[in-house]
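Right, one structure below, let's go through it.
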Amino acid sequence: MNNNTSSLVPFEYEGRQIRVISDELGDPWFVAADLLASLALDRKALERLDGDEKGVSSIHTPGGEQVMTIVNEPGMYNLVLGSRKKEAHRFKRWVTHE
């Protein structure tokens, strides 16, 4: 996905902000940096995602527009389910129970 969108929705998870944008079909895309921080993963984890599970988008931030890596919902589940870290387990429970 290469998108320039302004429909940014922040979610709070354990005191961290996870920004989510919606594509033209209304599907959620998570800002990868926020997702990785919440899962205690580094950027290397993005390498295991398929090309259709990640993309880039221009996102408005307090410092201006920034191009950021984003991950779709299947990619988010891929990251969560592929991790054995306790942070990923807690995140999975939050996503599936909220």
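For this chain, numbers begin at 1 and follow the sequence in order. None of these values were measured; they are calculated from a predicted model.
At a threshold of 4.5 Å between non-hydrogen side-chain atoms, the residues Asn78 and Arg48 count as touching. Contact of the Asp27 side chain with the Asn72 side chain is not registered, since no non-hydrogen atoms from C-beta on lie closer than 4.5 Å. Counting heavy atoms from C-beta on, the side chains of Lys85 and Leu39 never come closer than 4.5 Å. Looking at Val80 and Val95, their side chains never come closer than 4.5 Å, going by heavy atoms from C-beta outward. Proximity of Arg16 to Asp34: side-chain heavy atoms (C-beta onward) are nowhere separated by under 4.5 Å. Side chains of Leu79 and Leu46 form a contact here, defined as non-hydrogen atoms less than 4.5 Å apart.
Atom CZ of Arg93 is surrounded by 12 or fewer heavy atoms from other residues, nucleotides or ligands within 6.0 Å.
Screening Leu35, Ile21, Val20 for a side-chain contact (heavy atoms from CB on, under 4.5 Å) with Ile70, the sole residue that qualifies is Ile21.
With rounding to the nearest 0.5 angstrom, the OG atom of Ser38 is 10.5 Å from the CZ atom of Phe30. Rounding to the nearest 0.5 angstrom, the gap separating the CD1 atom in Ile59 from the CE atom in Met68 is 5.5 Å. Here Leu36 contributes atom CG and Lys44 contributes atom NZ; the two are 13.0 Å apart, rounded to the nearest 0.5 Å.
Classification of the Tyr13-Phe91 ring pair by plane angle, with boundaries at 30° and 60°, yields perpendicular.
Of the possible donor and acceptor atoms, one in the side chain of Asp23 sits under 3.5 Å from a partner among the backbone N and O of Leu25.
Taking every heavy atom of both residues into account, Gly75 and Glu53 meet most closely at CA-CB, 3.8 Å.
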